[in-house]
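Written out below as structure tokens is the structure these notes cover.
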Protein chains: 2
Amino acid sequence: MSYKEKKVLPIGAVSELTGLSLRKIRYYEERGLLLPERSNGGTRKYSFNDVEKLMDIANHIEDGMQTFEIKKMQKKKKQKEKVRDEMIRGQLNAAFRMSK
Amino acid sequence: MSYKEKKVLPIGAVSELTGLSLRKIRYYEERGLLLPERSNGGTRKYSFNDVEKLMDIANHIEDGMQTFEIKKMQKKKKQKEKVRDEMIRGQLNAAFRMSK
DNA sequence: CGTGTAAGGAATTCTGACACG
DNA sequence: CGTGTAAGGAATTCTGACACG
């Protein structure tokens, strides 16, 4: 796994990087838009990927989009990626069979 | 600047990533092998680059090298990089003059 | 709904020092 | 020299709640 995915940043760093308040960051998590890890003590740990996701979320919020709509978009995006991956895998399998 | 250089990790995360104790991490800084940033409150902030540097340091320590020796090595390494960069710049300038 | 804030407590980090070797 | 540890304090984060709208 690359640095971008490592869950290591404390919420304060994320707040500085994104410009979002601690309240907002925690609220977006509450709405399921984000899933940081937790330390043994219970403190949140974020990745740089989470930071990017948050900036994306912030943009949508600014545009007047509601959290549940953003949540929907995330699901659709994941669905698209899934389909695309299955397509690729299918093509590869087909090509593999052809090669024999 | 890339994620790798951003000073954002708290010392606890660095400890987990490197497997080094907090004491060791702070001590290597005291010896000048490392220069994390500080938050307003005074807490240390590390980059992934610092994490890599620490694993390097740990290896040298295991080999019985002393901190001042590691410090020397770091200086030599920097010197080499500097010379190399100047070489490249020189070559580029020469090529540029030739092209006119 | 999305966000600010005050409140009390818990987790994290800080420094300087003593210990051992 | 390099590292562990106990000590006291400060910075950071956590949760649940009230407020506004």
Side-chain angles (χ1 to χ4, degrees), chain A residues 6-75, chain B residues 6-75:
Chain A
K6 285 235 182 253
K7 303 274 190 173
V8 286
L9 319 201
I11 196 168
V14 174
S15 175
E16 285 187 11
L17 290 171
T18 60
L20 300 174
S21 67
L22 306 184
R23 182 66 165 100
K24 285 181 182 178
I25 297 172
R26 295 195 190 108
Y27 179 67
Y28 299 150
E29 174 187 354
E30 187 183 320
R31 302 311 310 269
L33 303 182
L34 197 64
L35 193 57
E37 289 181 359
R38 298 280 184 146
S39 71
N40 291 334
T43 65
R44 274 167 266 247
K45 299 292 198 172
Y46 300 84
S47 67
F48 280 110
N49 231 332
D50 290 330
V51 170
E52 290 190 3
K53 202 179 285 189
L54 276 168
M55 304 191 78
D56 225 74
I57 293 169
N59 283 333
H60 290 313
I61 291 282
E62 268 190 282
D63 295 344
M65 198 176 293
Q66 286 188 289
T67 55
F68 80 93
E69 298 178 278
I70 300 175
K71 178 78 178 168
K72 267 194 209 168
M73 281 190 51
Q74 289 182 346
K75 279 183 190 170
Chain B
K6 287 236 179 250
K7 303 272 191 175
V8 287
L9 318 202
I11 195 169
V14 174
S15 175
E16 286 188 11
L17 290 173
T18 61
L20 300 173
S21 68
L22 306 183
R23 182 67 166 98
K24 286 182 181 176
I25 297 171
R26 294 193 190 108
Y27 179 67
Y28 298 151
E29 174 186 354
E30 188 184 319
R31 302 311 311 266
L33 304 182
L34 197 64
L35 193 58
E37 290 182 359
R38 296 278 184 150
S39 73
N40 291 333
T43 64
R44 274 166 266 247
K45 299 291 198 172
Y46 301 83
S47 67
F48 280 110
N49 231 332
D50 291 328
V51 170
E52 289 192 3
K53 200 180 286 187
L54 277 168
M55 302 191 78
D56 225 73
I57 293 169
N59 282 331
H60 290 313
I61 292 281
E62 267 190 282
D63 294 346
M65 197 176 292
Q66 285 187 291
T67 57
F68 80 92
E69 298 178 278
I70 299 175
K71 178 82 180 165
K72 268 194 207 166
M73 281 191 51
Q74 289 181 348
K75 280 184 188 167

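Note that the coordinates shown come from a computational prediction; the quantities given were computed from them, not determined experimentally. The chains referred to below are lettered A, B, ... by the order of the sequence lines, with proteins before strands, and numbering in each begins at 1.
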*A:Ser39 side chain, from C-beta outward: closest of D:dC14, C:dC14, C:dT12*: C:dT12

*Does B:Gly41 or B:Lys24 map to a spot on DNA chain D nearer the 5' end, using the closest nucleotide for each?*
B:Lys24

_Nearest-angstrom distance from the residue atom CG of A:Leu20 to C1' of C:dT3_ = 12 Å

For residues 36-44 of chain B, please give each side-chain donor-acceptor pair under 3.5 Å, one per line with the distance, not counting sequence neighbours.
unit_1: B:Arg38; atom_1: NH1; unit_2: B:Gly42; atom_2: O; d: 2.8
unit_1: B:Ser39; atom_1: OG; unit_2: B:Gly41; atom_2: N; d: 3.2
unit_1: B:Ser39; atom_1: OG; unit_2: B:Gly42; atom_2: N; d: 3.2
unit_1: B:Ser39; atom_1: OG; unit_2: B:Thr43; atom_2: N; d: 3.1
unit_1: B:Ser39; atom_1: OG; unit_2: B:Thr43; atom_2: OG1; d: 2.8
unit_1: B:Arg44; atom_1: NH1; unit_2: B:Glu29; atom_2: OE1; d: 2.9

*asked:* Please list, in numerical order, the residues of residues 27-36 of chain B that have a heavy atom closer than 4.0 Å to any atom of DNA chain D.
replied: B:Tyr27, B:Tyr28, B:Arg31

*Restricting to pairs with a member in residues 62-75 of chain B, which pass side chain to side chain donor-acceptor pair (under 3.5 Å), not counting sequence neighbours?*
B:Arg31-B:Thr67

*With sequence neighbours left out, write down each residue that passes salt bridge (charged side-chain N to carboxylate O under 4.0 Å, His left out) with A:Lys7, or none if nothing qualifies.*
A:Asp50

*Between A:Arg38 and D:dT15, is there a side-chain N or O to OP1/OP2 distance below 4.0 Å?*
yes

*Distance (rounded to the nearest 0.5 Å) between A:Ile61 CD1 and A:Leu20 CG*: 9.5 Å

*Between atom NZ in A:Lys71 and atom P in C:dG2, what is the gap in whole Å?*
14 Å

*For the side chain of B:Pro10, counting heavy atoms from C-beta on, which of C:dT13, C:dT3, D:dG4 is nearest?*
C:dT13

*Could you check how far CZ of B:Arg23 sits from P of C:dA17, rounded to whole Å?*
12 Å

*Given atom CG of A:Asn40 and atom P of C:dA10, what is their separation to the nearest angstrom?*
17 Å

_Closest non-hydrogen atom pair, A:Lys53 against A:Leu33_ = CD-O, 3.6 Å

_Tell me whether B:Glu52 at atom CD has more than 12 heavy atoms from other residues, nucleotides or ligands lying less than 6.0 Å away._
yes

*Close approaches to DNA chain D from residues 42-67 of chain A, in residue order (heavy atom, under 4.0 Å)*: A:Gly42, A:Thr43, A:Arg44

*asked:* Using a 3.5 Å limit on both distances, find every run of at least three consecutive Watson-Crick or G-U pairs that involves DNA chain C.
replied: C:2-5 with D:17-20, C:17-20 with D:2-5

_Side chains of B:Tyr46 and B:Ile25, heavy atoms from C-beta outward: is any pair under 4.5 Å?_
yes

*Just how far, in rounded Å, is C1' of D:dG2 from CD1 of B:Ile70?*
11 Å

_Within the 4.5 Å heavy-atom criterion, are A:Leu54 and A:Leu17 side-chain neighbours or not?_
no

*Nearest whole angstrom, please: distance from the P of D:dG2 to the CG of B:Leu22.*
18 Å

*Please examine the side chains of B:His60 and B:Asp56, heavy atoms only from C-beta on, and report whether any two atoms are closer than 4.5 Å.*
yes

*Rounded to the nearest 0.5 Å, what's the gap from CZ on B:Arg26 to OG on B:Ser15? Could you check?*
9.5 Å

*Figure out the CZ/C1' separation between B:Arg26 and C:dT15, and round it to whole Å.*
9 Å

*Mind calculating the distance between CD (B:Glu16) and C1' (C:dT12) to the nearest angstrom?*
12 Å

